[in-house]
Structures are given as C-alpha cells and as structure tokens.
Amino acid sequence: MSPLPAEWRALAGAVEAVLVVATEPVPPRMLAELLELPVEQVEQLCAALAAAYEEEERGFEIVRVAGGYRLQSHPAYQGYVERFVLDDSPQRLSPAAMETLAIIAYKQPISRAQIAAIRGVSSEGVVRLLAGRGYVEPVGRDQGPGQAVLFGTTALFLERLGLDSVADLPPLGQFVPDSAAVEELEHVLRLRGEE
Amino acid sequence: MSPLPAEWRALAGAVEAVLVVATEPVPPRMLAELLELPVEQVEQLCAALAAAYEEEERGFEIVRVAGGYRLQSHPAYQGYVERFVLDDSPQRLSPAAMETLAIIAYKQPISRAQIAAIRGVSSEGVVRLLAGRGYVEPVGRDQGPGQAVLFGTTALFLERLGLDSVADLPPLGQFVPDSAAVEELEHVLRLRGEE
Amino acid sequence: MGYEVRTEVYEGPFDLLLRLIAAQEVDVWEVRISEIVDAFVAETRRLGAIDLEVATEFLVIAATLLELKCRRLLPGRDDVELEEELALLEARDYLLARLVEARTFQGAAQALSRLERAASRSTARRAGPDERFERCAPDLLAGVTPEDLLAAACRALAARPAPRVPTEHLPDEEVSVQDAIDELVATLPGRGPVTFRALTTSASPAHLVASFLALLELYKRELVELEQLSTFGDLTVTWKAPSAALQAGS
C-alpha cells in the first residue's frame, strides 16, 4: 500500500475524487471546507498523496499550481500523452514576447509605457498578443496623470509555467549580469583617458 | 505496492497518463495501439488496474463505458463531488461566457484561436466551462496546420434553448457587418448619445 | 486599419547593441556604428514600416555611441569642457543602466521559457464531472432565450472596432490662412488701431489661429503694426499701408 497513514485513506480518497472532476486547480481552502479539515492538514494530505504517487510511479501526479492542486499526466509518460492528444497548445512565444512577459511578471502592475522604457521599443503589439493568449490582463489604472492601464499576469500564466504564485518566480536578482559582464559592457562605453 | 505485477507498472503508468488527460472514454483498441500491445492484454491490464484502485480504496475508479475506459470519481465519494460541483459552479453565465457560447453557436465549427480572435482575449477558461457543462463539445479538427480542435454546440444546448436545430437560431444576417461598418455604426451611436 | 507595426520579431535597439557587443567583444573604439545603422535599416526595411518610437530610441543610442566614440578619437581631453565631460558620463551611465536592465530581463525570459517547457511536459486533467453530476450544477441556460444569444453574438462580433483616434471633437470647417488674410485686408484699412481680441470676438479656435497667422504674415509684409504692452496683454493692430501696397507686395 501507499506510504499514506491508513486513517488518511478516506480523506485522500475524497481529495482524489474531487481532483478527478475538477477542471481548474482546486484551492486548498476549498478542499478544507469540503473535508472539514484545517487548511494546513489539507496541504499535508495533498503533499503526502503527491509523494505516494511519485513513489508508486503512477502515470499521473498532483501538483500545486496557480494557487491550487491539480491532477495531471506525469512527464515520464509524455510520449504516450503526446501521441494520444494531438498538440493543441498554442505556439511558443517569440523571445521578444517572452521578454515582455518577464517584464510584466516581475514588475506588475506595469503600464505599456513603462514596459516600452525597459525594452527600448514600443510594446503595444506584444502586450496585445500576450493579452490575447490570456497570459496578461489589465489589472487597474495608474493614479498619475493619463491614468495609464496597468497590466499583470493571470492564473493561466501561472498554470502554463507550472507556478503556484508569482512569488515563486525565480528571483530576478539571479539574472542581473555579474560584475564581469557589467564590466564588459562598461568597457564598451568607456571614455578614452580613463583606462 | 499495488497487486499489479511489477513488470506491468510502466504500462499501467502509460494507461493512467492517457486516462487522466482523456475527456472521453478511450476505446481499448486505441490504448492497444498506443501501448503496442494486443487488445486482450490491454483489457487485462485495465481490469487489473481497476481492481487495484478498488482494493486501495482510491477516490477514483476505472470503468468501462460507451465502448471505452474512463477514469471517474468513485461512488463512495459521491457526496464530496456533488458538493464540490455545486460550490464550484457559477449560478449563471457571465457576459463573457454568454458571448463565447453565442460565437460558438453561430460560427460553429470554430477553434479556440478563432474565438479568441473574435473576442480579443483568450477564451480558454470559458470554453472549458461551457464544455464541462455539456453545452459545447469538440466536433472535429481543423484541416490546417496545428489541427486545432473545433467546437460546436450540443443537443443539450438546443434542448435548453428550446430549439430543434442550430438553423432555428434567430438569423444573424444583418448583424455580421465588417469592422469598418461596425465602426461607422458605433460612431453614429456615440454622436447620437452625445446630443 | 490603424497604424501598427509588428515588433514581435524585432527585439529592440538594446538587444541589437547587446548582441553586437557580445559578438564583437570589443570596446566602443572598435564598434562599427555603420554596422549598427545598417542592421537597423535592414530590419526596418524587412518590417516594411518605421515605428517612430523604435526609430527615436535607436537614434538616441546611436548618437550616444557616436559621441562616446568621437571622444575616444579626440587627441586629448584638455579641450573637453568639464560640463561636457559630465554630460557624457551621465549619458554613458544611462546607457549602461539600460543595457544591464535589458540583459537582466533577457535572462528572466529564458528562465520563464524553461519553466514553460518543463510544465508543457504534463497535461492537466480537464475532463470535468461526468453525467452522474449533471443535475448537481445549476442550469446556466435557465431563462436564456435564443434572442439573448443573438444579442450576445452581436455584442461579441461588434465589440472590437479597429483602434482609431476619435476626431468627432474636431470641427469640419476648413480655415485657410489666405482667407484670413483676405478678411483682415478687407476690414483693417481705415479702421484705426484695434485689438486682436476685438477682431476675433466670435471666431472659432481654428479661425482664431488662422487669423493670428494671417496677422503675422501681414506684419512680415510690413502692412500692419503690432503692439503688445505686456506679456499676454492685448495685441493692438494698426493698418499702416495703403491698400494698393498689398497688391504690389503680393
């Protein structure tokens, strides 16, 4: 049997039954209400269940994504799944679109003008593309003059990246060029006589 | 571990992966092709897997329905699932869902991308909801590159609207203006509104 | 259709510069600005249109680079004013900060791509409740009529007119400066000093502008004298030429 404590089996069964009918990630709070358990216990239960699936080498797994738990196929069986469902996922994003998405993800809420200032080019078309894909959406308006529309990322964005929340994005600091790289850039721009 | 022979674990994993992503019952012949196994062996495998789930008191079960295998919630957890479905369901269609349903009804068969192009935003979540409620369903695949899934309305949709066929929908006719005409119309309406 | 340039493929001047620096691994002394300009022009040709924002941003960068390079080519720094030097350092810092930021988000974008690729190796379960639960969920189509559906379809299909600049607030009247000149020439002679305000009491804003330009034109032709005693004060116009001079002058 699974490494799950026996007295948890009924509760785990309830979680399995709910996840099998859910079409969106199920927030732990919702499971807690259904199971009449504290949220922390639900989280322990789901973590234990996920670990058990992994150990049993199941074809599915439980992941925490976009603020909830989701049942999905295990990457190990990707080959079978791919042959079964014809790929319906949208086209990969271009590097420029991905870069804009990264700017919005890390700097949200952010206006088109602020995005353009970072990228050095107008980002109107790219922002529209990302909004069309459902990765970003208007989340408010700037308080300043002009009241620019501010953009943020969506739950679909988190689902597509397999993240639980934007707090789980890899820290931006790790992408800042290291001092050698900055020095190299600086070298390019250096004035004569300072060498 | 499960009472499944160890050498079957990888094959069982593949079955689990396929059943977890399937939205319709999967015919044994199809599984046999994917796993490159004789149909009888697939049937034995599925039966063994179903028995194992039963013995492990899982929250889900594998059933043979409509000529195929389906993963579904176990009747023992019916109460939880009913409450979840009730809590999780909106009480009425949002304007966005209504528009999406209308687009599918009038423009079927239509892909998610085409719906998104008309609405200007991703409609993935809404299409999922409508499909989940049985109002729309996949009716085929686009012949073009990507072979996008095409959606159409269901018999349930017609029944709920009291229609015999989609041909009985009120004609859209004069309401399919091109964007220039729409713009003109809006312009006129706006000017009138300001007077 | 509105004015739109596809910039999804073109990744911007910072990116171009970064790639160039990475490819050449040289300092500004050796950066061939002509190559950068050529690459930019080629890219613009390929896109078939010029995005003013892109072009402006590019000019700023190219000019900054050019200026930095000129400094390096100059024999010494004695002839460089301190102020200019400081301005140059500022420009360099500005460019450096933006290059660092651009590179940071390039790295972040790559990380997001990796996450997306990893996540796409799994497929979510989306089957939903089976028919046993059909009656649990409220009927979302309760009370919805085919007419409601038609209205929603019209809303959806008409919802997105092409982006446009609203112009209905602009008057349709066409006012030419020449018309305004003719008007002034018809009214001013023999009238004595008169304020511009009095001349244009009932004029529309467009008419007002045309009249002002007409007045400047007449002043240039030395047909009127203008006097304004204080800033933003009334402008007094005095006709000084006989009407015959106008025909001779024009």
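In the text below, chain A, chain B and the rest are named by the order of the sequence lines, each starting its count at 1.
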Whether B/Tyr53 and A/Phe60 hold their rings parallel, tilted or perpendicular, with breakpoints at 30° and 60°: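 It falls in the tilted class, 30° to 60°.
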
Pair B/Arg58 + A/Glu56, salt bridge at N-O below 4.0 Å: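 Looking at A/Glu56 together with B/Arg58, the answer is yes, because their closest N to O distance falls below 4.0 Å.
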
Basic-acidic side-chain contact under 4.0 Å: A/Glu24, B/Arg128: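 Salt bridge flag = yes for B/Arg128 with A/Glu24.
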
Greatest number of heavy atom pairs closer than 4.5 Å to chain B - which of A/Ala22, A/Ala17, A/Gly134: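 Most heavy-atom pairs within the cutoff with chain B belong to A/Ala17.
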
Interface residue of largest heavy-atom contact number with chain B, from A/Val15, A/Leu34, A/Thr154, under 4.5 Å: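 Highest number of pairs under 4.5 Å: A/Leu34.
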
Any residue meeting salt bridge (charged side-chain N to carboxylate O under 4.0 Å, His left out) with A/Arg64, in chain and number order, not counting sequence neighbours: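 Here the qualifying residues are A/Glu43, A/Asp164.
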
Can you tell me which portion of [X] sits under 4.5 Å from chain B's heavy atoms? Options are side chain, backbone, both or neither.
X: A/Leu71; result: side chain
X: A/Val26; result: side chain
X: A/Ala155; result: neither
X: A/Gln72; result: backbone
X: A/Ala131; result: backbone

B/Glu36, part contacting chain A, at a heavy-atom distance under 4.5 Å: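 It is the side chain, since no backbone atom gets that close.
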
Side chain / backbone / both / neither for B/Val20 at chain A, heavy atoms under 4.5 Å: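 The answer is the side chain of B/Val20.
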
Between OH on residue A/Tyr80 and CG on residue B/Leu11, distance to nearest 0.5 Å: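 One finds 6.0 Å between OH of A/Tyr80 and CG of B/Leu11.
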
Atom pair CG (A/Leu19) and CZ (B/Phe84), whose distance is rounded to the nearest 0.5 Å: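 Nearest 0.5 Å value for the CG-CZ distance: 8.0 Å.
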
Heavy-atom pair of closest approach, residues A/Val18 and B/Val81: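 Looking at all heavy atoms of both residues, the closest pair is N-CG2, 4.4 Å.
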
Residues of residues 136-143 of chain A contacting chain B, heavy-atom criterion under 4.5 Å, by residue number: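 Near chain B, by residue number: none.
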
More than 12 heavy atoms of other groups within 6.0 Å of B/Arg83 CZ: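 Yes - once you tally the heavy atoms of other residues, nucleotides and ligands closer than 6.0 Å, there are more than 12.
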
